[in-house]
Amino acid sequence: MSEMKAAAYLCSGCGIGERLDTARLSNIAKKEGKLALVREHPCLCSAEGVKAIRDDIANEAVTHVMIAACSRRAKTEAFQFPDTAVTRANLREGVIWAVADGPEHDEVRQEMADDYVRMACAELKKVKVPAGNPDAAGNRRILVVGGGVSGMTAALEAADTGYDVVLVEKTASLGGWGAKLWKRAPFKEPYAEPQPTGVAELAARVSAHPRIQVKLRCTVAETRGAPGRFSVSIAQESGTATTEEVGAIVQATGFTPYDISKLPELGGGANPHVIDQAGLESLARAAQGAPIRRADGKEVESVVFVQCAGQRDDSGAHLPYCSGHCCATSIKQAMYFKDANPDVDAVVLYSDLRVPGMGEDFYRSAQNKGVTFTKAKVAAVGVQGDACRVRFRDLILDEDAELDADLVVLATGQVPNAGVDIDLPEEKQVELKPISILNLAYRQGADLPQLKHGFTDSHFICFPYETRRTGIYAAGPVRRPMDMAQAIEDATGAALKAIQAVDNAAQGRAAHPRVGDLSFPIVRMEGCTQCKRCTVECPFGAIDEDEKRFPVFNESRCRRCGTCMGACPVRVISFENYSVDTVGAQIKAVDMPDEFSEKPRILVLACENDAYPALDMAGMRRRSYSAFVRVIPVRCLGSVNTIWITDALNGGWDGVMLLGCKKGDDYQCHFVKGSEMAADRMSKVDDTLKQLGLEVERVATHEVAITDIERVPQLIDGYAAKIKEIGLSPMKGFA
Ligand code: SF4
Ligand code: SF4
């Protein structure tokens, strides 16, 4: 490896030169930062400015570059220098746009810039260019588990893009629930009539595709490995097993309809003429467009659909959620009756009819065919002779009412086929005897982590297909309740993600959200105390254990969040370009004012995904905030090691703010559990503060969204005021 030669490049464009003394900054980079080469440029991101840096890399053997200009989030393409370590001092968004104008602020503005240059120089000395995952593997085959509409679509999308696919289906044929439908709700103009499902054609395309290998009557017996090198044992119904090597997995295992026998008050499981929507599809398929008959052969002359049966239930007895598709499904099924015989009485009893988008046209079409829609709350379904009697509260007339019908159809919900809920205690898992889908040979459990109600966990806004097991993607109703059109879209997205995963794994890069990141956790194993905190806290199951209980990192399962680094009590985990040292050096690099200065210093550790962009945007809007803060972006609050906090407080910082993403069930954390882990760790910092004789308010944690552009400066200013109130740190004198 070539010897380190570090250079600083200071930009005076975008108003930096007018508001800051750049000669003083250059001097700091040279004298304090001890960088070998320091240059100023009036517009560093211009072709000429970038060329100057490139020339130094080529001709002056510069290996490390510090750029003091705009935010690290700006001009990323211009300031990209392969094989060169780069750090950035944010003088534009973070200083000149964030500190109020006017000569009365000149001093603090300049001091802020001085510190950012010191910090970027200190960081530069500690970073290396990441070499990429040494364990990279390049298997590009994709395994799809589940042969329903979602699974078949994912398989076709991947295969049509040029990737080989193995599709495993546990039953004897492809199609899943889609194959059991008579028709589907309309998905194209004029959104007025039920449409052919197209499932048989889809299955035929899958079966005939040269890149897709279909394995029917098969299940996954075991999954080992990581993106690019999964080894999957496939068990056949016959008892034999084969092993398939694949690079990524799409789990499209669909749903099971909610069991209607759990709804005896609505006749479910008790009255043969009360069926669910799946039961009605099978009657409609048997009729093939002719009038629909019940199981006992009687032609149906009156039918009542009960919406939200066992759904949107807040009693805790049934499903609390809405399955989304069932209103349109009941409309479609009511049309089956009207299309075969317009004289059939078809009534839909609903409390809210949820038909978003073009579903409204479908609803109008059903009304035009004579389907009756009544806003009602159904109390019970009983037996009335050979028919059913439905008792309900009419919510428009506000009175109790009854309806007799030959057949009642309950719109029950979708229950995901997600496998073992690995978050349940083991005794509970044994009691429930859940059937595992993937049988992952991971230390953390056999299946994908679930969020709530049994659906696989995913970041529903930013990364809907990514589960908490890297390289394994969920598609269709196993991820959230959905209809066929949504499942097709979902499967297409999951297939794309699987393709990205195998391609990134082959290049030793992170797939997401740090796409292309070549760094990975490196452990100084001789210092490890086998405490297992990293293994337990890694949100993505990336760390196993060896027989001596040392952690075994699976680099291609890793998302590079740094949660393990934040967790490690002996600080033996690091990344080449992000470590306890790279941040620690920045914390120590600031010029700490003395105890008489009345200038507090507040360290802000800001999540790079939401809080740091929000701060940048505050700067863009010229929303100024306290010039006493120094912001360091972190990969995730989960990566914050408490040593940074104690070092900062021991070093005379007056306060530490942690700005991260929302935690909990509706989390926004890009690394799922990172902000939760950080909150847990920080809850224990109070004791340390007390031991140091410091007020607990000196460390504050806030949840921040990327849209909190106005709120973040308010939080900072509020905190600066708080620090003023409690006074400068007594540690200052000792620092
Ligand atoms: S905690 Fe994050 S950085 Fe550490 S191994 Fe897990 S995914 Fe990778
Ligand atoms: S957290 Fe650190 S000490 Fe504990 S097992 Fe992991 S590497 Fe070892």
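In each ligand, atom 1 is the first atom listed, and ligand 1 is the first ligand listed.
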Look at atom NZ of K125 and say whether more than 12 heavy atoms of other residues, nucleotides or ligands are closer to it than 6.0 Å.
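Result for NZ/K125: enclosed.
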Check each heavy atom of V570 against ligand 2 and say whether those closer than 4.0 Å belong to the side chain, the backbone, both or neither.
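For V570, only side-chain atoms sit under 4.0 Å from ligand 2.
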Give the contacting part of T535 toward ligand 2: side chain, backbone, both or neither, where contact means a heavy-atom distance below 4.0 Å.
neither
Kindly compute the distance separating CD1 (I499) from OG1 (T161), expressed to the nearest 0.5 Å.
4.0 Å
To the nearest 0.5 Å, atom NZ of K428 lies from atom CG of D423 at 14.5 Å
So which heavy atom on [X] is nearest to which on [Y], and how close?
X	Y	answer
N417	I437	O-CD1, 3.7 Å
P551	T535	CB-OG1, 4.4 Å
S729	W653	CB-O, 3.7 Å
A506	A136	O-CB, 4.1 Å
E608	R73	O-NE, 4.5 Å

Residue-level breakdown please: for [X] versus ligand 1, do any non-hydrogen atoms fall below 4.0 Å on the side chain, on the backbone, on both, or on neither?
X	value
F553	side chain
I543	side chain
Y578	neither
R560	backbone

At less than 4.0 angstrom from any non-hydrogen atom of [X], what atoms of ligand 1 do you find?
X	value
R559	7 (S), 8 (Fe)
G562	2 (Fe), 3 (S)
F575	3 (S)
F540	7 (S)

For [X], the ligand 2 atoms whose distance to one of its heavy atoms is below 4.0 Å:
X	result
C568	1 (S), 2 (Fe), 3 (S)
I573	7 (S)
V572	2 (Fe), 7 (S)

Hey, looking at atom 4 (Fe) of ligand 2, which of C531, G566, G527 has the closest heavy atom?
C531
Report whether any nitrogen, oxygen or sulfur of C564 sits less than 2.8 Å from atom 2 (Fe) of ligand 1 (N, O or S, backbone or side chain).
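Within the cut-off used here (under 2.8 Å), C564 places no N, O or S atom near atom 2 (Fe) of ligand 1.
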Aromatic rings F455 and H453: how do their planes relate, parallel, tilted or perpendicular, breaks at 30° and 60°?
perpendicular
Heavy-atom nearest neighbour in the protein, as seen from [atom], with distance rounded to 0.1 Å:
atom	result
atom 6 (Fe) of ligand 2	C534 SG, 2.3 Å
atom 8 (Fe) of ligand 1	C558 SG, 2.3 Å
atom 2 (Fe) of ligand 1	C561 SG, 2.3 Å
atom 5 (S) of ligand 2	K532 N, 3.3 Å

State plainly whether the residues D517 and R635 are in salt-bridge range, i.e. N to O under 4.0 Å.
yes
From atom 6 (Fe) of ligand 1 out to just under 2.8 Å, does an N/O/S atom of C538 turn up?
yes
Show your reasoning for whether side-chain hydrogen bond (donor to acceptor under 3.5 Å, both in side chains) applies to S519 and R560.
CA-CA 7 Å; S519 72; R560 284 72 168 168; 5.1 Å; no
Regarding Y612 and R72, is there a side-chain donor-to-acceptor distance under 3.5 Å anywhere?
no
With a 3.5 Å distance limit and no angle check, can you tell me whether E93 reaches the backbone of M617 through a side-chain donor-acceptor pair?
no
Strictly under 2.8 Å, is atom 4 (Fe) of ligand 2 approached by any N, O or S atom of C528?
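No, since none of the N, O or S atoms of C528 sits under 2.8 Å from atom 4 (Fe) of ligand 2.
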Could a heavy atom of F520 be found less than 4.0 Å from some atom of ligand 1?
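Not so, F520 does not reach ligand 1.
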